[in-house]
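Residue numbers begin at 1 in each chain, while the letters A, B, ... track the order of the sequences. Treat the numbers as computed from the prediction; the structure is a model and nothing was measured.
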Number of protein chains: 2
Amino acid sequence: MNIGLLLFIPSRAVENRILAAVVAAGFEITQAQARVLMRVGPDGTRLTELAEAAQVTKQTAGFLVDQLEKVGYVERVPDPTDGRARLVRLTDKAREAVPVANEEMARIEAEWEQHIGKRRMAQLREALDMLGEITDPYR
Amino acid sequence: MNIGLLLFIPSRAVENRILAAVVAAGFEITQAQARVLMRVGPDGTRLTELAEAAQVTKQTAGFLVDQLEKVGYVERVPDPTDGRARLVRLTDKAREAVPVANEEMARIEAEWEQHIGKRRMAQLREALDMLGEITDPYR
DNA sequence: CTACTTTAATCAGAGCATCTGACTAAGACA
DNA sequence: TGTCTTAGTCAGATGCTCTGATTAAAGTAG
């Protein structure tokens, strides 16, 4: 079986489960919004960087940030180092969702480890981490 | 780093590259269409099965199959075993794209193996294959 | 300092993908 | 026969994403 599909299936499983957990906890957010939100750094991130990291156009990133801003998960503040730019920052409301996501992630990892074993899990992580070096355009 | 993202990044890299290769070879197809097309079995597959496998609704799958049919990559034939159902089958035109996709896939795997080594590649495949058992809703 | 080039972001408009809900027709079965 | 389930479609709405054009600020070469 094709390794692309082999990667895609668990990747989507993670995405779906985390999104479902966050939504179940009362946060209203979509997959696309979450993909952008996830990339916002602790001190705020520029729209252009978000777009690159999430691999969408600036317009798309802007559209999603607009929505996230409207429902209060991010705010845009001027970038003190560049008058053209603005920094997208997480609000406290968004930060409350982080532990919910982390807990679900931990649950998933525990299930996986249960199924494939600790050793294989570590090998998986190592291999993926190295692959990131050549496939992550943001790294 | 979150294993969901770790999986997602190379998974998308594969998708993008294969699609690009197929498009560059003159086939006009989109990512969403390809995801459905990929699941069509050698003897044809029902729309409902395609929808499940690709994890979209029947309506979405139907919409994509309509387009694929219009440009001649699939055909719908009556299912001899069930009067309600129809089988979606690949046309010869679609089959011509298969080697193009396979060659690109082989190229990607070679690059990856070059980077992470044969042993890790085998471990990766093994771990993913096992994860499929618990994350692939179609398996 | 001025003029040109690049970069960050937005606006406008379009197309594609996806969903929910309602419906039709055929099969399964009591 | 009548009821329930299943395969697929129709209609309508929303969401996501893109290309192209624009504005404003920064950087740079003369």
Euclidean distance, B:T30 OG1 relative to B:L68 CG, rounded to 0.5 Å:
7.5 Å
Heavy atoms under 4.0 Å, any strand shown: does A:G83 hit a base, just sugar-phosphate, or nothing?
sugar-phosphate
Salt bridge (charged side-chain N to carboxylate O under 4.0 Å, His left out) partner of B:E75, the single match among B:K93, B:R89, B:R86:
B:R89
Quick one: is B:R76 getting a side-chain N or O under 4.0 Å of the D:dT9 phosphate, OP1 or OP2?
yes
Which whole-number value in Å describes the distance from B:L50 CG to D:dT9 C1'?
15 Å
How would you summarise protein contacts on nucleotides 10-23 of chain D per nucleotide, using B for base, S for sugar-phosphate only and - for none, with heavy-atom distances below 4.0 Å?
B-----BBBBB---
Hey, is the main chain of B:A34 close enough, under 3.5 Å, to the side chain of B:Y73 for a donor-acceptor pair?
no
Below 4.0 angstrom, N of the basic side chain to O of the carboxylate: do A:E49 and A:R39 qualify?
no
Check the distance between D:dG8's P and B:D82's CG and give it to me in whole angstrom.
8 Å
With a 4.0 Å cutoff (strictly under), does any side-chain N or O of B:R46 reach OP1 or OP2 of D:dA7?
yes
Point-to-point distance, once rounded to the nearest 0.5 Å, from CG of B:L47 to CZ of B:R76:
6.5 Å
Hey, are the side chains of B:I3 and A:M105 touching, using non-hydrogen atoms and a 4.5 Å cut-off?
yes
Once you round to the nearest 0.5 Å, how far does CG of B:L5 lie from CZ of A:R35?
10.5 Å
Distance under 4.0 Å to a non-hydrogen atom of chain A counts as contact; along DNA chain C, which nucleotides mark the start and end?
C:dT7 to C:dC11
Scan residues 98-109 of chain B for pairs that pass salt bridge (Lys or Arg N to Asp or Glu O under 4.0 Å), counting only residues two or more places apart or in two chains.
B:R17-B:E104, B:E104-B:R107, B:E109-B:R125
